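Following: one structure in structure tokens, then a few remarks.
Every value quoted in this text rests on a predicted model; they were computed, and no experiment measured them. We name chains A, B, ... by the order of the sequence lines, and we start the count at 1 in each one. Reckoned from all heavy atoms, side chains included, excluding hydrogens, waters and symmetry mates.
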There are 2 protein chains.
Amino acid sequence: MRVSIKDIAEAAGVSHSTVSRALSDSPLVKAETKARIRRLAQEMGYTPDAIARSLVTQRTQTIGIVVTTITDPFVAEVVQGIEDMAHEHGYSVILASSAAEPERELAAVEMLRAKRVDGVVVTSSRVGALYLAHLERIGVPVVLVNNHNQQSGRYTFSVSVDNQHGGHLATAHLIRRGHRRIAYVSGPANHSDDAGRLAGYRRALEEAGLPFEAALVVPGNGRLDGGERALYVLKDLDTPPTAVFCYNDMTAIGLLSAARRLGIQVPRELAVVGFDDIPLAAHVCPPLTTIAQPQREMGRLAMGMVFDLMTADEAGGGFSDVTVEGKLVVRETT
Amino acid sequence: MRVSIKDIAEAAGVSHSTVSRALSDSPLVKAETKARIRRLAQEMGYTPDAIARSLVTQRTQTIGIVVTTITDPFVAEVVQGIEDMAHEHGYSVILASSAAEPERELAAVEMLRAKRVDGVVVTSSRVGALYLAHLERIGVPVVLVNNHNQQSGRYTFSVSVDNQHGGHLATAHLIRRGHRRIAYVSGPANHSDDAGRLAGYRRALEEAGLPFEAALVVPGNGRLDGGERALYVLKDLDTPPTAVFCYNDMTAIGLLSAARRLGIQVPRELAVVGFDDIPLAAHVCPPLTTIAQPQREMGRLAMGMVFDLMTADEAGGGFSDVTVEGKLVVRETT
DNA sequence: TTGTAAGCGTTATCAG
DNA sequence: CTGATAACGCTTACAA
């Protein structure tokens, strides 16, 4: 049997309210009895019941995280950033992965609502785009990481990398290296980040007076296999590209590994640039040139924003989306 | 304001208990009123309050996961397996990372206890080894993934890969390839998996009549940087090894990337074998030979075991630790 | 078939 | 300073 404040009260010969006060270090209780109660609680192995506490305080000290899958290294870094900051503030996190399945995405949102989380952060998931309304119904702050939201709501903001800027950075770098036929391997369908990166790519081409060729934009999925497959379609083009900008590092790494299998020399025959700068990017071979995003920091920022929104509450105002700029990290694939 | 069953009761002109029954599809309520109530609940945007429910049912439909860091690809896969299976059973997961900091490890356990999780699974964390007693105090099933536990408790079991077998597999493979000086780069200090893998390594050497040389066992940490550093110490040995078996894939990949920097040809000058077979192992270059563990499956197994333990409850008996065997996957680093 | 009432473990508001 | 007492939103006997 778990021991409750009632048990302690009995053992200490006081009322349960006094125990509650003593345990929360209220100044309303005599130092002496407080000490006695605390010692007793310790001895009896008492742990407060967060569930009961939440029922009355109406706060769970828990925030929800929704992701597509935690196995994506980018996501894992962001989640770690969130978790770190949450822990520093005494909060714990409930993790829900949506697997990009509509049924599961909706279930995740409902679950977070039922579990009464105090805030939620969504990253790399369609949930931010598709279920924003549901999310807002929860009535708690929501912050999206790299998920475009048309308009910030009262409690809904986002922290994102400047995708267009990053796409431009990557493509311009390739152009400076003398490439004229540059392909783009896209990310998961309908993902807002993808549109931005593509836009940056197009803008860079335009600025350089290079034509945009639809055939040079091939579909990927943000994962290793998507990158591999993309290379197979690119190599069969009438005039294959001499460089590729990939939606993210996983795509680029998949493509790199296909290149190796096909005997395509990187960067001599094909230059490649990724996006994210996941920890492994520097360790594949050749080491990957990429656009670095401060992944952990973005997680921390998002979590911090949720906290700010939680306390600001009715105070309103003063909030805005934050966007960080990616940095070009030149390694050996370009 | 959130709508509660009381609000629905009022709107429907029935008592709140009838609403509760209707919503839980109790046969004790007339089909007609049941339908009316459910429609009303729907219209009013009702979501049950899991907190309140938990307080009375004494179950939270939540399980705790403790890891060192979610950014380790092996951990991420296991966690995904756990989350998948949990979701299939209507459970959600609360994630706690310990960062291998004693303060945080203890905090994680206390938090899970306070939040009244129905079960916990620990993976790649010292928590299983160091805080087993605390963990058991929570009074719920605990399953450790790749964490040695001296003796299975009443509710404490583990699912692990056969480390010794895996270590033997890796080393024997290297020996068959003709290597005589084989190094081992170890994992995080005091990690039980490490001991097993090392034992397998030693046994393979022994069987082949090769001497064990302490100098050939160099410390790593299970991460990329540990692998990199390890190679720097290995290459400075009087007689450097011609092959290395690494604690895990991350270590091996770090080592591979250092090799590239140092101009050491793999596998010609140095063969390397990893452990885990993380998704990226096949995509580094050269593609990594490794010992594959069914990571997701292990996560699912662990979660399933927690469920079984939860329901078996007092029934007791019939449970035992499960150990799976790793498989040698030969790629191009050997 | 439905309603009343108790209780889950806390915190919080009153009185004393 | 301390003790009753009332919530918090739900489930579940026990009555009707």
Picking from [options], which would you name as closest to the side chain of [X]?
| X | options | value |
| --- | --- | --- |
| A/I5 | C/dA5, C/dT2, C/dT10 | C/dT10 |
| B/T18 | C/dT11, C/dT2, C/dC8 | C/dT2 |
| A/R21 | C/dT13, C/dT10, D/dC14 | C/dT13 |
| A/L55 | C/dT11, D/dC8, D/dC10 | D/dC8 |

Below 30° counts as parallel, above 60° as perpendicular, anything between as tilted: where do the rings of B/F319 and B/F157 land? tilted
Length of the CD-C1' vector between B/Q61 and D/dC10, whole Å: 14 Å
note: A/K34, atom NZ; D/dC1, atom P; distance rounded to Å ~ 9 Å
Of A/L301, A/I82, A/V78, which meets side chain to side chain contact (heavy atoms under 4.5 Å, CB included) against A/V121? A/I82
Give me the one residue out of A/V127, A/T156, A/L112 that meets side chain to side chain contact (heavy atoms under 4.5 Å, CB included) with A/L135. A/V127
At under 4.0 Å between heavy atoms, what does [X] touch on the DNA or RNA strands: base, sugar-phosphate, or nothing?
| X | answer |
| --- | --- |
| A/S17 | base |
| A/S54 | nothing |
| A/S24 | nothing |

Check whether any side-chain nitrogen or oxygen of B/S15 sits under 4.0 Å from OP1 or OP2 of C/dT2, and answer yes or no. no
N/O (side chain, B/S20) to phosphate O (OP1/OP2, D/dT11) under 4.0 Å: yes
Can you tell me whether the side chain of A/H16 and the base of D/dT2 have a donor-acceptor pair closer than 3.5 Å? no
